[in-house]
Number of protein chains: 2
Amino acid sequence: MTGSAVPSPPRPPGSGSGSGSGSGSGDARTTLPLASTGEPERLRADAARNRTLLLEAASRLMAGCGATNLTMESVAAAAGVGKGTVFRRFGDRTGLLIALMNHREGLLQAAFLSGPPPMGPGAPALDRLHAFGPALMRHEREHHELILASRTDPLRTYAVPANRLRISHVAMLLRQARAEGNVELLAHTLLGSVDAALVHHLTTDRSMSIEQLDQGWHDLVTRLCAGP
Amino acid sequence: MTGSAVPSPPRPPGSGSGSGSGSGSGDARTTLPLASTGEPERLRADAARNRTLLLEAASRLMAGCGATNLTMESVAAAAGVGKGTVFRRFGDRTGLLIALMNHREGLLQAAFLSGPPPMGPGAPALDRLHAFGPALMRHEREHHELILASRTDPLRTYAVPANRLRISHVAMLLRQARAEGNVELLAHTLLGSVDAALVHHLTTDRSMSIEQLDQGWHDLVTRLCAGP
DNA sequence: GGTGGAAGTGGACTGTGGTCCGTTTGAGGT
DNA sequence: ACCTCAAACGGACCACAGTCCACTTCCACC
């Protein structure tokens with residue numbers, strides 16, 4: 001089920017939508033903008049159909065050959081369209097991977113936006129924060145190949161809808177938990193500590209266990225939210 | 001996993017001679033594995049000469065056209081060698097950029113390894129930590145183009161000598177400052193909060209000032225090192 | 001039902017990263 | 001001096017990302 005609620009950059013150049021989510025005021029609890037970049041503009045029927053075909057083809061090929069071996073031409077061929085179509089729709093290879101990633105992010109988003117406590121609404125902000133890190137780490141581990149492959153340009157990461165949502169969500173929780181300081185910066189710091197690449201490095205090359213990282217997250221959240 | 005896609009280069013320079021930076025016990029104060037990635041292995045005279053020619057040519061071209069417009073062929077041509085030579089020496093394009101980056105890291109390393117207090121040895125660890133962040137941010141801003149361009153593969157970052165040195169240095173200072181918890185993880189978190197890409201994003205897209213980020217660093221260091 | 005034109009399509013084309021392999025060169029051994 | 005061979009070299013070659021533009025299809029409006 002390709003929900004098609006997935007935002008994607010129909011316009012290759014991207015250039016980001018202006019000032020989007022307010023720097024310090026948006027409350028994701030009340031507004032559910034989901035992936036903020038807004039719904040993709042209306043696609044013509046054939047374009048929408050091809051978009052779905054392409055995402056499915058890409059997913060299928062990736063499962064078979066791995067993300068690094070995914071070529072634009074093979075995706076186009078597998079979907080039965082021309083190569084130009086892939087580029088028009090997703091801008092570039094990274095854009096395709098990001099679209100794929102956003103598409104798979106749905107479950108996690110549902111869990112922390114509207115799922116049951118302690119991650120979803122209903123639990124105290126601090127509890128939600130504590131629950132968020134471990135869940136995020138596990139999610140990223142599951143999709144780490146795609147996530148890492150889609151990170152070719154470090155700056156682009158910050159424009160990915162899924163990541164923007166995470167940031168604003170964590171920032172909101174920090175605000176609710178009365179964390180002091182620059183909450184946006186704190187949110188980035190917190191999320192950086194469970195970054196997919198970092199987790200992969202620490203568990204693979206530095207032989208840390210995922211439980212150690214969970215513990216690290218708890219410590220960090222505790223320290224950042226603790227009153228003076 | 002498709003067998004770690006890193007197309008192991010023929011002769012990647014360095015490869016770290018991973019001395020120590022022990023998982024949890026080494027003290028970088030006494031051992032100076034130094035980044036320098038040293039001059040790696042002994043190169044034949046002609047190879048060494050060409051290596052220098054290539055780095056100079058690359059630096060010159062980059063100054064003129066920017067890192068993104070740097071092509072391997074143009075570097076080879078400018079240095080008066082064949083394209084194969086560039087690849088043999090640096091493995092791939094990213095390898096060349098990383099080598100260039102390591103090369104420019106010298107001053108900063110000297111400053112925190114053996115410069116005057118408060119960053120260099122002689123000052124209390126906590127002071128050194130506080131001084132480190134702002135200096136690092138300014139250094140990265142100065143070279144952000146090269147730094148960002150060299151980050152094509154997120155995992156590779158952790159193998160870059162300069163970054164490994166930073167990590168172990170910060171971890172050492174944290175240990176000396178009696179920070180509790182997983183110091184290696186804390187070091188990554190701390191450094192992540194002043195990551196070049198993040199700083200660029202926050203200052204450029206989110207209109208934060210560098211002084212706000214300095215403040216954020218101080219708060220973070222204070223919280224992470226504060227006793228209970 | 002027709003029609004104008006914007007949106008979408010496909011595939012030839014280009015530039016660059018990366019590989020391969022036959023040739024050359026430097027340095028240690030005799 | 002000469003010999004030997006691993007290391008270094010160079011450039012032809014290949015694959016793939018990304019561009020371009022002539023052509024086709026949808027759909028909003030008559």
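Naming convention: chains lettered A, B, ... in sequence-line order (proteins, then strands); numbering from 1 in each chain.
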Q: Can we say B/Arg151 and B/Glu145 salt-bridge, meaning some charged N sits less than 4.0 Å from an Asp/Glu carboxylate O?
A: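 B/Glu145 and B/Arg151: not salt-bridged.
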Q: Atom CG of B/Leu53 to atom P of D/dC9: distance rounded to whole Å?
A: 10 Å
Q: Quick one: does A/Thr85's side chain have a donor or acceptor within less than 3.5 Å of a partner on A/Val81's backbone?
A: no
Q: Please give, in whole Å, the distance from C/dG17 C1' to B/Leu97 CG?
A: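 For the pair B/Leu97 CG and C/dG17 C1', the rounded distance is 12 Å.
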Q: If the cut-off is 4.0 Å, is A/Thr85 near the phosphate of C/dG10, judged by side-chain N/O to OP1 or OP2?
A: yes
Q: If you check the B/Lys83 side chain, which of D/dC9, D/dG11, C/dT9 turns out closest?
A: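 Looking only at side-chain atoms, B/Lys83 lies closest to D/dG11.
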Q: Is there a side-chain contact between A/Arg89 and the phosphate of C/dT9, meaning an N or O under 4.0 Å from OP1 or OP2?
A: yes
Q: Near DNA chain C, which residues from residues 66-77 of chain B have a heavy atom under 4.0 Å away?
A: B/Leu70, B/Thr71, B/Met72
Q: Could you state the atom-to-atom distance from CG of A/Asp153 to P of D/dA17 in whole Å?
A: 17 Å
Q: Would you please confirm or rule out a distance under 4.0 Å between OP1 or OP2 of C/dT9 and any side-chain N or O of A/Asn50?
A: yes
Q: Over how many whole Å does the gap from B/Phe87 atom CZ to D/dC14 atom C1' extend?
A: 13 Å
Q: Answer yes or no: is there an ion pair linking A/Arg51 with A/Glu56, defined by an N-O contact shorter than 4.0 Å?
A: no
Q: Look at A/Arg166 together with A/Glu140 and state whether they make a salt bridge at an N to O cut-off of under 4.0 Å.
A: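 A/Glu140 and A/Arg166: salt-bridged.
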Q: In whole angstrom, give the distance that lies between atom CZ of B/Arg88 and atom P of D/dA6.
A: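 Between P of D/dA6 and CZ of B/Arg88: 13 Å.
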Q: For this output row, return yes or no: ring centroids of A/Tyr158 and B/His200 closer than 6.0 angstrom.
A: no
Q: Above 12 or not: heavy atoms from other molecules or residues under 6.0 Å from NE2 of A/His143?
A: yes
Q: For A/Arg156 and A/Ser150, does a side-chain donor sit closer than 3.5 Å to a side-chain acceptor?
A: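 No.
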Q: In whole Å, I'd like the distance from the CZ atom of B/Arg51 to the C1' atom of D/dA8.
A: 15 Å
Q: Does the side chain of A/Thr152 come under 3.5 Å of the side chain of B/Thr152 through a donor N or O and an acceptor N or O?
A: no
Q: For A/His139 and A/Leu136, indicate whether the former's side chain and the latter's backbone hold a donor-acceptor pair under 3.5 Å.
A: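 Between the backbone of A/Leu136 and the side chain of A/His139 there is no qualifying donor-acceptor contact (under 3.5 Å).
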Q: Could you list all N or O pairs between the protein and nucleotides 26-29 of chain C that sit under 3.5 Å apart?
A:
from   : atom 1 : to      : atom 2 : distance (Å)
C/dA27 : OP1    : B/Ala45 : N      : 3.4

